[in-house]
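Read through the structure below, which is laid out as structure tokens, and then see the notes.
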Amino acid sequence: MLEALNKQVNAELYSAYLYLSMAAYFESINLKGFSNWMRVQAQEEVSHAMKFFDYINERGGRVKMMAIEQPPTEWNSPLDAFETTYEHETNVTRMINDLVNMAMEEKDHATYNMLQWFVAEQVEEEASADEIRQQLKLIGDDGRGIMMLDRELRQRTFTPPQEEKQ
Ligand code: FEO
């Protein structure tokens, strides 16, 4: 179980890396609000990795940092990037569900309990990526719509998970 959780530390850090890559992409096309959203998302992913990191330590395990895969660096459009984001989050949900299944099989109640935070978090992660994806579909090629959404996404700030809910 602890080995699988250690792999999830890596997966969460890959998520941070992927979103930073998207932040760089959005910077390159002068969409600073979209870039801000991705930077905040990357911070969230690091905080997810740290939740697993801390939990492994609490349980007397030893965290091992592993190589992080290189993420893609280019997307065709903001919509393309948010399609990737949404798909990626559904994959992460699958990973979390696999961990929950393993905790159940191993009758590891403490880990099962810890993972429930991530089960709820993934509902939000998918919903927020999907909301922006759907907005981008409606906007299509309308430059004004993109600029308005960019202004809205500039507002996002990072809230450490422990302050947001427990
Ligand atoms: Fe760590 Fe985006 O889920």
Non-hydrogen side-chain atoms of Glu124 and Glu121 separated by less than 4.5 Å
yes
Honestly curious: do Leu20 and Leu18 fall in one hydrophobic cluster under the side-chain, below-4.5 Å linking rule?
no
Determine whether a donor-acceptor pair (N or O, by modelled atom type, separation under 3.5 Å) exists between the side chain of Asn10 and the backbone of Ala67.
yes
Tell me every residue that passes side chain to side chain contact (heavy atoms under 4.5 Å, CB included) with Met147, counting only those two or more places apart in sequence or in another chain.
Leu31
Residues two or more places apart in sequence or in another chain: which of them pass side chain to side chain contact (heavy atoms under 4.5 Å, CB included) with Val119?
Ile96, Val100, Gln116
Of Gln122, Glu126, Glu87, the one forming a side chain to side chain contact (heavy atoms under 4.5 Å, CB included) with Val92 is Gln122
Between Met66 and Val9, is there a shared hydrophobic cluster once you connect ILVMFWY residues whose side-chain heavy atoms come closer than 4.5 Å?
no
Should Tyr86 and Tyr17 be counted in the same cluster of Ile, Leu, Val, Met, Phe, Trp and Tyr side chains packed under 4.5 Å apart?
no
With Ala4, which residues qualify under side chain to side chain contact (heavy atoms under 4.5 Å, CB included), at least two apart?
Leu99, Met102
Applying ring-ring contact (aromatic ring centres under 6.0 Å, His included) between Trp37 and each of Phe158, Phe82, Phe26, report the one that passes.
Phe82
Pairs satisfying salt bridge (charged side-chain N to carboxylate O under 4.0 Å, His left out), at least one member in residues 93-106, at least two apart
none
Looking at Met95 and Ala11, what are the two nearest heavy atoms and their distance?
SD-CB, 3.8 Å
Could you grab the distance from atom CG of Leu79 to atom CD of Gln134, nearest 0.5 Å is fine?
9.0 Å
Report the hydrophobic cluster partners of Met148, with the cluster defined as I, L, V, M, F, W, Y residues connected by side-chain heavy atoms closer than 4.5 angstrom, directly or transitively.
none
Heavy-atom closest pair, residues Ser21 and Pro72
OG-O, 2.6 Å
Determine, using the 4.5 Å side-chain heavy-atom cutoff (strictly less than), whether Ile132 and Ile29 are members of one ILVMFWY cluster.
yes
Sequence neighbours excluded, which residues qualify as side chain to side chain contact (heavy atoms under 4.5 Å, CB included) partners of Thr111?
Met1, Leu5, Tyr55, Arg59, Ala103, Asp108, Met114, Leu115
Taking the side chain as every heavy atom from C-beta outward, state whether Val40 and Tyr19 have any atom pair closer than 4.5 Å.
no
Spacing of Tyr112 atom OH and Lys107 atom NZ [to the nearest 0.5 Å]
13.5 Å
Which is it for Leu153 and Leu149 under the side-chain contact (heavy atoms from CB on, under 4.5 Å) test, yes or no, and what are the steps along the way?
CA-CA 6 Å; Leu153 299 183; Leu149 184 54; 4.2 Å; yes
Using the test ring-ring contact (aromatic ring centres under 6.0 Å, His included), find all partners of Tyr25 that sit at least two apart in sequence or belong to another chain.
Trp75
Step through the shown structure and confirm whether more than 12 heavy atoms of other residues, nucleotides or ligands are within 6.0 Å of CG on Asp141.
no
Would Gln41 and Glu89 count as a side-chain contact (heavy atoms from CB on, under 4.5 Å) here? Give the steps.
CA-CA 11 Å; Gln41 190 63 24; Glu89 288 303 330; 3.9 Å; yes
How many angstroms lie between CG in Leu2 and CZ in Phe52, if you round to the nearest 0.5 Å?
12.0 Å
With sequence neighbours excluded, residues passing salt bridge (charged side-chain N to carboxylate O under 4.0 Å, His left out) with Lys64:
none
Pairs in or reaching into residues 10-31: which pass salt bridge (charged side-chain N to carboxylate O under 4.0 Å, His left out), with residues at least two apart or in two chains?
Glu27-Lys32, Glu27-Arg39
Which residue pairs pass the salt bridge (charged side-chain N to carboxylate O under 4.0 Å, His left out) test when at least one of the two sits in residues 68-86, sequence neighbours left out?
Glu83-Arg133
According to ring-ring contact (aromatic ring centres under 6.0 Å, His included), who are the partners of Tyr14, at least two apart in sequence or on a separate chain?
His88
A side-chain contact here means heavy atoms from C-beta on lying under 4.5 Å apart; do Met104 and His109 qualify?
no
Sequence neighbours left out, what pairs pass salt bridge (charged side-chain N to carboxylate O under 4.0 Å, His left out) with at least one residue falling in residues 149-159?
Glu44-Arg156, Asp150-Arg154
So CZ of Phe53 and CG of Leu13: to nearest 0.5 Å the spacing works out to 10.0 Å
